[in-house]
Amino acid sequence: MATTKKPRRVRYWLMKSEPGVYGIDDLERDGWTYWEGVRNYQARNLMREMKVGDPVLFYHSSTKPLGVAGLARVKREAYPDDTQFDPQSPYYDPKSVESEPRWYRVDVEFVARFERVVTLAELKADPALDGMLVTRRGQRLSVQPVEERHFQRVLELAGHPPA
DNA sequence: GCCAACGTTGGC
DNA sequence: GCCAACGTTGGC
């Protein structure tokens, strides 16, 4: 019997980065990047759920203005993050062994830089975005799932066509 | 397996 | 620079 593979529903994400370290301008210049150095189990587990083509909001943290700066897309699904084995790397994890990698990275590619940053203050003020994780105080996860309606709303605020 | 101490994230 | 909110560590 022929097996028909049901296409997986697209999932939507938000990833945080400090623009002083790596911002949307860097991603635009590079085209794509390794999203490495994630050392939080919850964020790691979410990264392992990401599929090629999933849209990603690129969020600028620890900067002014805080907010969503652009749109990206998953280019390659989770695979071991080499930096965990490299004693020279700031992301080195001496407790991780190569036969059983503990940390993973994904590759993320540039899609668009927004005309303007959609600020965290705006996100918090918009009733349509009630419940969006990034608007919750104390939500530190650097990789977050985003509901489709929230994702599309952010694009709308950015003046960007739906993803 | 509990939980206090400590470290980090990240908004304010 | 402060500190709330977490996550992790380690003593018991």
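Reminder, nothing fancy here: chain letters follow the sequence lines and each chain counts from 1. Since we're looking at a predicted model, the values are computed, not measured.
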What are the residues of residues 114-139 of chain A, sorted by number, that bring a heavy atom to within less than 4.0 Å of DNA chain B? L120(A), K124(A)
[X]: which residues meet the salt bridge (charged side-chain N to carboxylate O under 4.0 Å, His left out) condition with it, sequence neighbours left out?
X: K124(A); value: none
X: R39(A); value: D81(A)
X: E18(A); value: none
X: R9(A); value: none

Scan for side chain to side chain donor-acceptor pair (under 3.5 Å) pairs involving [range], sequence neighbours excluded, and state none if there are none.
range: residues 143-155 of chain A; answer: Y12(A)-E148(A), D126(A)-R153(A), E147(A)-R149(A), R153(A)-E156(A)
range: residues 55-75 of chain A; answer: R73(A)-E109(A)
range: residues 132-142 of chain A; answer: none

Bounds of contact between DNA chain C and chain A, in 5' to 3' order, using a heavy-atom cut-off under 4.0 Å: dA4(C) to dT9(C)
Under a 4.0 Å heavy-atom cutoff, the residues of residues 86-99 of chain A touching DNA chain C are K95(A)
Identify, with sequence neighbours excluded, every residue that meets side chain to side chain donor-acceptor pair (under 3.5 Å) alongside Y92(A). none
Quick one: list whatever passes side chain to side chain donor-acceptor pair (under 3.5 Å) with R29(A), sequence neighbours left out. D26(A)
Please classify the nucleic acid contact of E18(A) as base, sugar-phosphate, or nothing, using heavy-atom distances under 4.0 Å. nothing
F85(A) CZ: over 12 foreign heavy atoms closer than 6.0 Å: yes
